[in-house]
Amino acid sequence: MSQAGKPLYLVANWKSHKTLAEAEHFVTEGSTPTENVTQIICPPVPYLASISQLIKSQQLSVSLGVQDVSPYPFGAYTGAVAVDMVKEWVTYAIIGHSERRRYFHESDQEVANKVSRALEAGITPILCVDEPYLESQIGTLDEGLRGTCLFAYEPVSAIGSGHPDTPEHAEAVAQRVQAQVRAEVVVLYGGSVTAENIKSFTDQPHIAGALVGGASLDPQSWHALIKAVAE
Ligand code: PGA
């Protein structure tokens with residue numbers, strides 16, 4: 001079922017890709033302004049200041065996000081990027097991506113602490129969750145804070161594999177997230193989203209957009225994604 005003009009979020013997760021020159025080139029290609037789509041680009045941390053500057057100077061309708069934050073405040077935490085270091089540039093933070101959970105061994109509690117830090121700094125978390133741990137991943141979050149997050153259902157088997165989940169199953173998971181958090185909470189789908197398949201997900205009544213990895217890297221392919229869902 002499609003709902004014309006429903007507000008959507010499209011999140012570009014660039015992961016550890018791109019040189020600074022490539023990141024800047026992407027932004028200078030411009031944006032496709034749309035009524036109903038909030039575009040959020042999440043570059044690597046060292047590029048945030050420069051990309052933020054470019055977005056401002058070109059007056060692009062694009063928001064910035066960070067791909068991760070430290071669970072700690074300013075302090076003696078070597079290598080950590082505290083939320084207060086990036087809050088001047090970003091509105092959103094991807095938190096708990098399965099690659100963070102897998103390669104950096106992040107626990108649900110650590111993820112929950114990151115969510116708290118982000119919200120304290122006025123940054124909206126985009127919290128990644130997956131089956132079969134959905135309930136405990138959400139359950140670890142402070143009950144009062146859950147409702148202010150955006151959620152991204154990201155099945156591990158679909159990430160970077162070219163094998164997306166079915167829109168019907170993603171829709172069922174989105175409904176489970178909303179049943180546990182609150183009915184209006186924003187739920188995105190992520191995992192092998194392309195310009196060809198994105199609409200089959202955003203046409204689902206409880207899916208409000210997509211978190212995109214591979215297909216967000218090339219400006220043409222990013223613009224094709226936006227065009228596919230723009231009203
Ligand atoms: P993918 O990645 O679009 O390349 O599958 C999605 C993600 O990891 O967020």
Side-chain angles (χ1 to χ4, degrees), residues 9 11 13-16 40 42 44-45 65-87 90-161 164-165 169-193 206-213:
Y9 294 82
V11 186
N13 177 11
W14 287 354
K15 309 189 180 184
S16 272
I40 304 166
C42 304
V45 164
V66 62
Q67 298 171 17
D68 180 42
V69 294
S70 170
Y72 300 109
F74 281 127
Y77 308 103
T78 301
V81 176
V83 284
D84 285 328
M85 297 173 185
V86 293
K87 70 178 182 192
V90 306
T91 314
Y92 299 91
I94 298 173
I95 297 180
H97 191 281
S98 60
E99 287 154 12
R100 299 289 320 171
R101 296 179 192 262
R102 178 174 171 199
Y103 299 119
F104 302 90
H105 312 291
E106 287 184 7
S107 66
D108 288 349
Q109 188 54 59
E110 199 173 359
V111 168
N113 295 344
K114 291 178 178 208
V115 166
S116 301
R117 290 293 87 71
L119 286 168
E120 282 162 15
I123 297 170
T124 300
I126 302 170
L127 183 70
C128 300
V129 294
D130 185 18
E131 292 179 310
Y133 313 107
L134 201 63
E135 275 77 19
S136 62
Q137 287 173 342
I138 297 173
T140 313
L141 302 175
D142 183 292
E143 231 178 302
L145 301 183
R146 285 177 207 173
T148 51
C149 296
L150 272 56
F151 286 82
Y153 162 52
E154 292 229 317
V156 171
S157 62
I159 294 176
S161 65
D165 199 349
H169 183 250
E171 163 69 8
V173 175
Q175 291 187 35
R176 274 175 58 201
V177 172
Q178 290 176 338
Q180 196 179 345
V181 180
R182 63 181 175 93
E184 303 77 24
V185 84
V186 168
V187 185
L188 316 178
Y189 167 75
S192 295
V193 170
H206 297 89
I207 297 180
L211 175 47
V212 187

So how far is it from [X] [atom1] to [Y] [atom2], rounded to the nearest 0.5 Å?
X: Lys114; Y: Arg100; atom1: NZ; atom2: CZ; result: 4.5 Å
X: Arg117; Y: Glu120; atom1: CZ; atom2: CD; result: 4.0 Å
X: Leu150; Y: Ile40; atom1: CG; atom2: CD1; result: 6.5 Å
X: Glu143; Y: Gln180; atom1: CD; atom2: CD; result: 9.0 Å

Do the side chains of [Y] and [X] get nearer than 4.5 Å, heavy atoms only?
X: Pro164; Y: Val193; answer: no
X: Ile138; Y: Phe151; answer: yes
X: Glu99; Y: Ile159; answer: yes
X: Val45; Y: Gln67; answer: no

What are the two closest non-hydrogen atoms of [X] and [Y], and how far apart are they?
X: Ile95; Y: Ala118; answer: CD1-CB, 3.9 Å
X: Val186; Y: Ala208; answer: CG1-CB, 4.0 Å
X: Cys128; Y: Leu211; answer: SG-CD2, 3.8 Å
X: Cys149; Y: Val185; answer: O-CG2, 3.3 Å
X: Pro155; Y: Gly190; answer: CD-O, 3.3 Å
X: Ser161; Y: Ser157; answer: OG-O, 2.7 Å

Subject >> Residue pairs passing the salt bridge (charged side-chain N to carboxylate O under 4.0 Å, His left out) test where at least one lies in residues 124-140, sequence neighbours excluded >> reply: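 Applying salt bridge (charged side-chain N to carboxylate O under 4.0 Å, His left out) to every pair that reaches into residues 124-140, excluding sequence neighbours, yields Glu131-Arg176, Glu135-Arg176.
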Original post:
What pairs of residues pass the salt bridge (charged side-chain N to carboxylate O under 4.0 Å, His left out) test when at least one of them lies in residues 73-85, not counting sequence neighbours?
Top reply: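 Residue pairs passing salt bridge (charged side-chain N to carboxylate O under 4.0 Å, His left out), neighbours aside: Asp84-Lys87.
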Donor-acceptor pair, [X] side chain versus [Y] backbone, under 3.5 Å?
X: Thr140; Y: Gln109; answer: no
X: Tyr189; Y: Asp165; answer: yes
X: Arg101; Y: Gly96; answer: yes

**OP:** With side-chain contact (heavy atoms from CB on, under 4.5 Å) as the test, would you mind laying out the steps for Asp68 and Val81 before giving the verdict?
**Re:** CA-CA 8 Å; Asp68 180 42; Val81 176; over 6 Å; no
Original post:
Hey, what's the ring geometry for Tyr77 with Tyr72, parallel, tilted or perpendicular (30° and 60° as the breaks)?
Top reply: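 Answer is parallel, since the angle falls under 30°.
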Subject >> Listed partners of Ser136 passing side chain to side chain contact (heavy atoms under 4.5 Å, CB included), at least two apart >> reply: Asp108, Tyr133
Original post:
Out of Ile94, Val177, Val111, which residue meets the side chain to side chain contact (heavy atoms under 4.5 Å, CB included) rule with Leu127?
Top reply: Val111
**OP:** Answer yes if the side chains of Glu154 and His97 hold a donor-acceptor pair under 3.5 Å, and no otherwise.
**Re:**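 Their side chains do contain a donor-acceptor pair, which is all the 3.5 Å distance test asks for.
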**OP:** Decide side-chain contact (heavy atoms from CB on, under 4.5 Å) for His206 and Val187; before the verdict, give the C-alpha distance in whole Å, the side-chain angles of both, and the deciding distance to 0.1 Å.
**Re:** CA-CA 7 Å; His206 297 89; Val187 185; over 6 Å; no
